Novice: 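Before I ask anything, here is the structure I am working with.
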Amino acid sequence: MTDSAKPTLLIVDGHSLAYRAFYALPIENFSTKDGQHTNGIYGFLSMLINLIKAEKPTHMAVAFDTSRVSFRTREYAEYKATRSETPAEFRGQIPLLQECLAAMSIPVLTAEDVEADDILATLATQGAAEGYNVLVCSGDRDSIQLVTDDVTLLYPSVQGVSQLKRYDPTTVRERYGVPPEQYPDVAALVGETSDNLPGVPKVGEKTAVKWLNQFGSLDAVLDGADQIKGVVGGNLREHLDDVRRNRRLNRLVRDVPLPLTPAELVVKPIDTQAVRDIFSRLEFRTLTSRLYEATGTVEDEADLPVAATAPEPAQLSAGDVAAWLSAAEGDIGVTVTTEGGLPHRVGLATADAAAETSWSPEVAASLTPWLASDAPKVLSDAKPQLKALRRAGADLGGITFDVMIAGWLARPSFPDKTLGNLVERYLDEKLPEADPSQLVPEHEGATPGQLSWYTLRVAAAQRASLPPRVTDVLTDIEMPTLVALADMELAGVAVSHDKLSSFSSELGARADGIAQGAYAAIGREVNLGSPKQLQEVLFDELGLPKTRKTKTGYSTDAGALVALQETSPHPFLDLLLQHREATKLRQIIESLDVAIGADHRVHTTYLQTGSQTGRLSSTDPNLQNIPIRTDESHRIRAAFEVGEGYETLLTADYSQIEMRIMAHLSEDPGLIEAFRSGEDLHRYVGARVFGVEPAEVTPFMRTKVKAMSYGLVYGLSAFGLSKQLRIEQSEAKQLMTEYFARFGAVRDYLRASVEKARIDGYTETIFGRRRPFPDLSSPNRVLRENAERAALNAPIQGSAADIMKIALLRIHRRLRDEHLSSRVLLQIHDELVVEVAPGEWDAAERIVREGMGDAAELTVPLDVQIGRGPNWDEAGH
DNA sequence: GGTACGACGTA
DNA sequence: CGTACGTCGTACCG
């Protein structure tokens, strides 16, 4: 019956269908790992995609209610009054669903004072008049009145949202016994409990339809009420006003003023980048391909316009470089492409010109003085480029702006990985990229000169949008840190292959022995590294009590195994723990060993934009998680040695920097006094909390307040504290009460800081680094409370990270300025490892101590512990 | 070959 | 029901 020549307009009631999906799909199977519920979103999108695939609409829109208040509630205050409050778990999904629709380029329509169905009614009326086949998808029975030869209703059946029943005039008449336009008359007589609209008692669909067919219209029924006999006739006469009111209220409004006409709802290409972003955030894995298939979207992000204005770069020879540079004005964008870690091509750009050249001895000679100078340069991900230049014997000075770091500072949760991401985000353009799968690419990728030009333009957009204090963090902290990190990565740290490999085989033999014992204990061989197989052994074969639930079964982690040991001891458990420990250490050793380079050193890579708090992270290999707690782990640290030509290693770490920051930020007099007194922090706090002299603080008391103090920084609860200390929750609660009785300003600060973040939408470190927290106002409790703990921690962890970066850059600068050969090698959040050249110990020690101790002016002193030794183990403490 | 998950190392 | 990270092996996808 559909006229294929006509365009198809699909209009959907977003609220009612998402709500049905919310109840149809089990919420526990549809949550992201950080607790956002997604069942309503998923169910709705799944249905919509099926619909698009089946109906191939040419025009589309989704309507939402703005609130529960409308002209209907004004006319009849009890309208829908019996409906229970929409669950917060559902409400929180609506904005995300709308975000998904925006990414899919589907218009979302809302209007004040009416309901979504009125919007559908308006569009259906306009659409039919303008010659569309209209498909109305709604879960509200009032929509039946919209059905005509041109308007079909798709109504979710009881089986669920994915099964939609089609209503055209014939099927409506078959199902309800009246034509669509008369259905509201039936509904008015019968009433609608879900809308709290009482009808005529004892009158159901059958009677209503009979009357309407008998009298011809609702008015005729009401006028002829006297002729109807029996109890129902009496009921009708008593409820004439109710019926009239029902009919007024269930008449859908067909002339809601809307910002878009049906023609403007034409289907547009979806924003694949945005779809990828939001779907991955919601952890939808299968929807993307289904969407692309249904909409015929090619998985290709060529939606954004390519800026055609990138200047054609001048190809410079060594002789032209100086002239080009002297003619250039303002900041200069620089791009050094690399091959095998060495410079390959160099691109330069100003606001309106670009140039490029290949790296050669001649070019290097003419370029290096300018590169090394303070002339301001703007780059994208400068560190690898700086390293490449250093390897080639050149230098890069005046790095004033790195767009990758600026992008991260603006939004640390979405570290854009490429310049192309930033071009899209800040310029709304597409960076020309060659398709690597094409042998002869259709379009050329941007050349180094053009990349520099784009970098410069991104930087301009970022400068305009970065808050002043964040700009200061970029300029004063991040840019010089970048230079220090490049030098640390280039230096690497000497690691003894001999020490590692002998230890590795030792551990391998030990692990094998333990494994044999473990197999004997259960009477068969299993893969001890497979949590899945372990679950079979522990819970099915050995019949041990079930532990904490995980996504895929029951936990076999160390905590769970130790707990099992206590309730139901079995020799297998301890052997498994020992095996885990041995194999884990062996893995770490192996990964370190293969990372040792020809220079006998390990060169990690620090990710400057890898955390949300401002910390660094370290990869390939990660040198920030080298074991330290056990005897065996000390042997690993002993393999990190002072390198040839150097005298010793120096380690320096901040003691209790986070608690000191807490004292500074909270201005708690007790905590400040604790640090000024020079007494051991936990002993001092323990004395106050337990009301004894510091000398009388037992190790047990010290452990408790120490856990409490550290827990504070992470947003620990009484529950968590009791679990960690293995004490009753009531005791943990008591401990917290005592603690806050003595250090109340700490609690006040933490509360106020989260509240401020809720209002501002972000937290700030002492130096102005920001971290956004949109979820602090989420109606989803899990999400909101997770955000609260993270927001409580962010200024503290972030300020500590800032302070360490400031210390690092100052130490790096002074070692260079005083012409020392000693150099910083590693940063492990609150610790630095320095390689000290012969005869430089005193100078290096002084520079490190002062650099760290004076990195920030807090109300409490920054205490720095220094150690010395031929390897990291002996230098550490 | 890629991705998710559990587990576990560090501050 | 404690923050911030990276890496490993297994299991599973296609």
Side-chain angles (χ1 to χ4, degrees), chain A residues 33 35 280 283 285-286 289 412-413 415 526-535 547-561 576-577 579-581 583-592 594-595 604-607 609-630 632-633 636-637 653-658 662 707-725 729 732 750 763 771 781-782 785-798 800-801 804 826-832 876:
Chain A
K33 58 180 180 302
S280 82
E283 299 174 12
R285 291 183 251 293
T286 56
S289 55
S413 56
V526 286
N527 184 340
L528 296 173
S530 163
K532 193 168 168 251
Q533 295 184 31
L534 287 176
Q535 285 172 43
T547 55
R548 174 175 62 86
K549 266 203 170 171
T550 67
K551 231 174 191 168
T552 50
Y554 299 94
S555 172
T556 67
D557 70 15
L561 296 181
L576 175 56
L577 283 167
H579 185 261
R580 284 241 180 94
E581 196 181 335
T583 48
K584 178 79 184 174
L585 279 179
R586 183 149 185 257
Q587 284 165 11
I588 292 172
I589 292 167
E590 282 303 312
S591 63
L592 265 179
V594 300
T604 185
T605 303
Y606 288 104
L607 301 183
T609 57
S611 81
Q612 306 213 35
T613 52
R615 276 191 175 183
L616 302 174
S617 72
S618 155
T619 74
D620 197 21
N622 181 356
L623 295 185
Q624 290 181 321
N625 71 343
I626 301 302
I628 190 171
R629 294 185 205 287
T630 63
E632 275 88 351
S633 47
I636 300 181
R637 290 200 166 214
D653 61 59
Y654 281 120
S655 60
Q656 290 131 359
I657 187 165
E658 293 190 339
M662 176 85 94
M708 171 83 203
S709 291
Y710 275 104
L712 277 180
V713 178
Y714 304 137
L716 187 69
S717 63
F719 176 87
L721 186 63
S722 74
K723 238 179 111 177
Q724 199 202 318
L725 290 173
Q729 236 186 100
L750 291 172
T763 59
R771 176 172 172 190
R781 201 178 69 151
V782 177
E785 291 180 346
N786 285 343
E788 283 170 353
R789 285 190 299 276
L792 182 148
N793 173 262
I796 299 169
Q797 190 184 117
M804 183 47 116
L826 302 177
Q827 188 260 36
I828 309 99
H829 307 307
D830 64 359
E831 175 185 5
L832 293 178

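Everything quoted here is computed from the prediction, not taken from an experiment.
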Novice: Report the distance from atom OG of A/S655 to atom CG of A/D830, rounding to the nearest 0.5 Å.
Specialist: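 Spacing of OG (A/S655) from CG (A/D830) equals 9.0 Å.
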
Novice: Show me the dot-bracket string of DNA chain C, counting Watson-Crick or G-U pairs under 3.5 Å, with | for pairs to another strand and [ ] for crossing ones.
Specialist: ..|||||||||||.

Novice: Nearest 0.5 angstrom please: A/H829 NE2 to A/Y654 OH, how far?
Specialist: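 Answer for the NE2-OH pair, A/H829 versus A/Y654, is 14.5 Å.
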
Novice: When A/T556 is tested against each of A/R580, A/Q533, A/Q535 for side-chain hydrogen bond (donor to acceptor under 3.5 Å, both in side chains), which residue passes?
Specialist: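 That would be A/R580.
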
Novice: Applying side-chain contact (heavy atoms from CB on, under 4.5 Å), can you list everything that pairs with A/Q587, at least two apart in sequence or on another chain?
Specialist: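 A/K584.
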
Novice: Would you please confirm or rule out a distance under 4.0 Å between OP1 or OP2 of C/dT3 and any side-chain N or O of A/R789?
Specialist: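 Answer yes for this pair, as a side-chain N or O of A/R789 is under 4.0 Å from OP1 or OP2.
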
Novice: Once rounded to the nearest 0.5 Å, what's the spacing between atom CG of A/L623 and atom CG of A/L826?
Specialist: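 That separation rounds to 6.0 Å.
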
Novice: Nearest 0.5 Å, please: how far is OG in A/S617 from CD in A/Q827?
Specialist: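 It comes to 10.0 Å.
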
Novice: Earliest and latest nucleotide of DNA chain B, 5' to 3', sitting under 4.0 Å from a non-hydrogen atom of chain A?
Specialist: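 Counting from the 5' end, contacts occupy B/dA4 to B/dA11.
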
Novice: Which value, rounded to the nearest 0.5 Å, describes the distance between A/I628 atom CD1 and A/I636 atom CD1?
Specialist: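 If we round to the nearest 0.5 Å, A/I628:CD1 and A/I636:CD1 are 11.0 Å apart.
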
Novice: To the nearest angstrom, how far is A/Y714 atom OH from C/dG2 atom C1'?
Specialist: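 The distance from OH of A/Y714 to C1' of C/dG2 comes to 8 Å, rounded to the nearest Å.
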
Novice: Output the rounded distance in Å from CG (A/L721) to P (C/dG2).
Specialist: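 These atoms are roughly 10 Å apart.
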
Novice: Name the nucleic acid region contacted by A/T556, choosing base, sugar-phosphate or nothing; use a 4.0 angstrom heavy-atom cut-off, strictly under.
Specialist: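 Since only primed, P, OP1 and OP2 atoms lie under 4.0 Å of A/T556, the category is sugar-phosphate.
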
Novice: Within this structure, what is the CG-CE distance for the pair A/L725 and A/M708, rounded to the nearest 0.5 Å?
Specialist: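 A/L725 CG to A/M708 CE: 10.0 Å, rounded to 0.5 Å.
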
Novice: What N/O pairs connect the protein and nucleotides 4-7 of chain C at under 3.5 Å? Give each pair on its own line.
Specialist:
unit_1, atom_1, unit_2, atom_2, d
C/dA4, OP1, A/R771, NH1, 3.1
C/dA4, OP1, A/R771, NH2, 2.9
C/dA4, O4', A/Q797, OE1, 3.2
C/dA4, O4', A/Q797, NE2, 3.0
C/dC5, OP1, A/Q612, N, 2.7
C/dG6, OP1, A/S617, OG, 2.8
C/dG6, O4', A/N622, ND2, 2.9
C/dT7, OP1, A/D620, N, 2.7

Novice: From the options A/L712, A/V713, A/L750, A/T763, select the one residue that forms a side-chain contact (heavy atoms from CB on, under 4.5 Å) with A/L792.
Specialist: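 Running side-chain contact (heavy atoms from CB on, under 4.5 Å) over A/L712, A/V713, A/L750, A/T763 with A/L792 returns exactly one hit, A/L750.
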
Novice: What is the distance, to the nearest angstrom, from the CE atom on A/M708 to the C1' atom on C/dG2?
Specialist: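 Whole-Å distance recorded here is 12 Å.
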
Novice: In this structure, how many angstroms lie between the P atom of C/dG2 and the CD1 atom of A/I796, rounded?
Specialist: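 For the pair A/I796 CD1 and C/dG2 P, the rounded distance is 16 Å.
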
Novice: Under the salt bridge (Lys or Arg N to Asp or Glu O under 4.0 Å) test, which residues partner A/E785, sequence neighbours left out?
Specialist: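 With neighbours one apart ignored, the set is empty.
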
Novice: Only counting residues at least two apart or in another chain, list the ones meeting salt bridge (Lys or Arg N to Asp or Glu O under 4.0 Å) with A/E788.
Specialist: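 So A/E788 forms a salt bridge (Lys or Arg N to Asp or Glu O under 4.0 Å) with A/R758.
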
Novice: Look at all strands and tell whether A/A558 reaches a base, only sugar-phosphate, or nothing, counting heavy atoms closer than 4.0 Å.
Specialist: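 Sugar-phosphate contact only - A/A558 comes under 4.0 Å of backbone atoms but never of a base.
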
Novice: Write down the distance between CD (A/Q533) and P (C/dG9), rounded to a whole number of angstrom.
Specialist: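 So the two atoms are 16 Å apart, to the nearest Å.
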
